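Please read these numbers as outputs of a predicted model, since none were measured by experiment. Whatever order the structure lists ligands and atoms in, that order sets their numbers, starting from 1.
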Amino acid sequence: MTKVLLLLNMPEQLRNRFHGYLARTFPQVAFDLADNVGKVDPYLADAEILMTHGPYLSTRSDYVLGHMPQLRWVQGTGTGMDNIIDRPSLPADVLVTNMRGAHGPQMSEAAIGSMLALARQMPRSIRNQDNHIWERWLPQIIHGKTVGILGVGVIAEALAPRCKVLGMTVVGFSSSQRVIEGFDRILPVGELKPTAPDLDFLVLLTPYSEATHHIVNEDILMALKPGSYLINLARGGVLDEAALIKVLDAGRVSGAALDVFSTEPLPPEHRFWSMENVIITCHMGGLTDDYHLQALPIIEKNLRHYLAGEGDQMINVVRKAA
Ligand code: GLV
């Protein structure tokens, strides 16, 4: 019997939807479910398929991948495959697929929600509400402002036209140059620093890799328009977090909305937690109450092809088995 290890460190309701649907749909397959990477050891020896997300593997990724002798396929439950595809212990003969294409709408909503929350100082309103304080200020308007989007993929393609509807100028930064509806301009990534003084918001969507490690460094942050805002929906490692704290403390950048961190969960003692100009969400930009409807058809299709020996028809292939 084919054995699948589901390591799904996502909200319980979604985890159960994934597991329940797959177990019902594929009675010929054995699914072992773990909600935390600390609980996977009993299942590693036999699993031929691993369905998970890089951040769920945390610091145990090399251990887990290195202890799965039967492993033939990793299906990502998200789009970014960092902490899997880049691990030395991932054998070359393992196929890797992801969830590309599922995240455009919700990540756009997360980005726009973040821009609005920062510009309107929503956390300040909520803090005041908790204390029954009536205080008014001038919320900033995002209409007429310029947003830079670092990383122009499927998600940015969904975000850009939505920003246009809100009356923003949209500038993409991408290693590949093309014309995409919704963008006023798409520039090479090397243009980020010279363009940074024009940006009111910088939204990070670029995948994490060695090449993008700390791509948003102190130089870029210092070059941003004074009073601008940073939104990180990509990966913590894309951003030099210590440099961000510095520019926030200095008031160079007015605020940040961070959904991802170089260490997740964000340690309780981390400075970010106590910074009033930082909005923290817990790596859930890509998740929604409908996520199973977006993700399960991709997984189902791939699993059917895999079981039928039709590897060549599997979709969202990030890396073929060598
Ligand atoms: C979310 O983190 C994703 O990579 O899809």
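For atom 1 (C) of ligand 1, the nearest protein heavy atom (residue, atom name, distance) is His53 NE2, 3.3 Å.
Some N or O of Gly80 is nearer than 3.5 Å to an N or O of ligand 1, by distance alone.
In the vicinity of Gly78, heavy-atom distances shorter than 4.0 Å reach the ligand 1 atoms 3 (C), 5 (O). Within the listing of ligand 1, atoms 3 (C), 4 (O), 5 (O) sit less than 4.0 angstrom from a heavy atom of Thr79. Using a 4.0 Å cut-off to heavy atoms of His283, the atoms of ligand 1 that qualify are 1 (C), 2 (O). Atoms of ligand 1 found under 4.0 Å from any heavy atom of His103, numbered from 1 in the order shown, are 5 (O).
Between the side chain of Asn9 and the backbone N or O of Asn36, no donor-acceptor pair lies under 3.5 Å. For the pair Arg319 (side chain) and Val94 (backbone), a donor-acceptor distance under 3.5 Å is present.
Heavy atoms from other residues, nucleotides or ligands lying under 6.0 Å from NZ of Lys225 number more than 12. Atom CE of Met122 has 12 or fewer neighbouring heavy atoms from other residues, nucleotides or ligands inside a 6.0 Å radius.
Ring geometry for Phe261 versus Phe272: interplanar angle of 30 to 60°, hence tilted.
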